[in-house]
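Take a look at the following structure, please.
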Amino acid sequence: MGSAHASGAAGTKIKPRILAGFSVGVQAFACAGAGLRGVGHARAGHNAENCGVTMSENIPVLTIDGPSGAGKGTVSRIVASRLGWHYLDSGALYRAVGVAASWANLDISDPAALVRCTFDTEVAFRENDLGDLRVWVNGSYATDELRLETTGAVASAIAAFPEVRSALKERQRAFRQAPGLVADGRDMGTVIFPEASFKVFLTASAEERAERRYNQLKDKGVSVTIGGLLREILARDARDAQRTVAPLRPAEDAVLLDSTGLNIDQVVECVLALVNP
Ligand code: DC
């Protein structure tokens, strides 16, 4: 479990505060060192079974939204695996459409062509033994291409088209399967699963995100500079936050978690404490 399956805003200014704990509605959780802050009420989970029939709306969803490089992917995958839930990497779907469009030499400023491409593109996800997500686009292995900074920039550009977002909507909702779903992206808690039981908005300072990305790329032998990565991250944040449709912003009932200075295990524990207080 915890694996994903094939199938698919100038918003509120985010001002995370560092607190030694966090609160969700009336509940308070101890979460050492965490910059986690409730901005509303997280609803309790529902029973997944209803008279033997699993109703999609009864399946719990945990949404983890936030800017690029905040660690959403890693945290979401570990949390999904610990809960035994499915995992949706919605950014990978936007990236996959971007890759398919570039393979087909499409004009990525043409929303009609992009919508056709979105419906035509098959995306298959599989986890390897280490729990890493592998992705195939139209039958071709595309994991490495999907992770490129240039692919992220194309994904961010095409994600600004409302037509593309709407073409991917149902595909993303189809990931909601028993016993539960962890959905990672920019608009999981605001647009795709507004009724989700648990919502987290994960941030980290742009400098720390650039440094984390730098270390990841350095480990892979890719030569980049922190300054260049910081510029790319800031540009992508601005584009994702300023688009008119589904801009990057926390849902009103999301819990803000600032992971600056926290390691992955600490963030995972904070998120799990939200689901299983
Ligand atoms: O999460 P990511 O970096 O893989 O996402 C790549 C781009 O896709 C991101 O810059 C914006 C877009 N995206 C989006 O608009 N909505 C989502 N739910 C997920 C990603």
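Start at 1 and go down the list; that is how both ligands and their atoms are numbered.
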Any non-hydrogen side-chain atom of Thr151 less than 4.5 Å from a side-chain atom of Glu145?
yes
Should Asp89 be counted as touching ligand 1, given the test is an N or O pair under 3.5 Å?
no
Contact check: Arg186 vs ligand 1, nitrogen or oxygen atoms, below 3.5 angstrom
yes
Measure the distance from atom 4 (O) of ligand 1 to every protein heavy atom, then report the residue, atom name and distance (to 0.1 Å) of the closest one.
Arg95 NE, 2.6 Å
Looking at every heavy atom in both Ser259 and Ala204, which two are closest together, and how far apart are they?
OG-CB, 3.5 Å
Nitrogen or oxygen atoms of Lys72 and ligand 1 under 3.5 Å apart:
no
Give the contacting part of Arg239 toward ligand 1: side chain, backbone, both or neither, where contact means a heavy-atom distance below 4.0 Å.
neither
Around atom CZ of Arg231, are there more than 12 heavy atoms from other residues, nucleotides or ligands closer than 6.0 Å?
no
Any ion pair linking Asp237 and Arg209 (charged N to carboxylate O, less than 4.0 Å)?
yes
Does any N or O of ligand 1 fall below 3.5 Å from an N or O anywhere on Arg165, backbone included?
yes
For ligand 1 and Asp184, I'd like to know whether there is a polar contact (N/O to N/O, distance under 3.5 Å).
no
Could you pull out, from Ser90, Ala235, Ala159, Ala153, the option with a heavy atom nearest to atom 12 (C) of ligand 1?
Ala159
Less than 4.0 angstrom from a charged side-chain N to a carboxylate O is my criterion; do Glu163 and Arg116 meet it?
no
Option nearest atom 18 (N) of ligand 1 (shortest heavy-atom distance, choices Val97, Asp187, Ile192, Val245):
Asp187
Report yes if Arg243 has an N/O atom closer than 3.5 Å to an N/O atom of ligand 1; otherwise report no.
yes
Taking the side chain as C-beta and beyond, is there a heavy-atom pair between Thr190 and Asp187 under 4.5 Å?
yes
Kindly give the cluster partners of Val222, where membership spreads through any ILVMFWY side chain lying under 4.5 Å from a current member.
Tyr214, Leu217, Val224, Ile226, Leu229
Would you say Arg147 contacts ligand 1, with heavy atoms under 4.0 Å as the rule?
yes
Nearest protein heavy atom to atom 7 (C) of ligand 1, by residue and atom, and its distance?
Ala155 CB, 3.7 Å
For atom 20 (C) of ligand 1, find the nearest protein heavy atom and state the residue, atom name and distance (0.1 Å precision).
Gly91 CA, 3.5 Å
Criterion side chain to side chain donor-acceptor pair (under 3.5 Å) against Arg213, the qualifying member of Glu149, Glu232, Glu208
Glu149
Heavy-atom pair with the smallest gap, counting every atom of Leu181 and Leu88
CD1-N, 3.8 Å
List every atom of ligand 1 that sits less than 4.0 Å from any heavy atom of Met188, numbering the atoms from 1 in the order shown and giving each element.
18 (N)
Please identify which atoms of ligand 1 are closer than 4.0 Å to at least one heavy atom of Asp240.
9 (C), 10 (O), 11 (C)
Students should find that the hydrophobic cluster of Val115, defined by side-chain heavy atoms under 4.5 Å apart, otherwise consists of Phe119
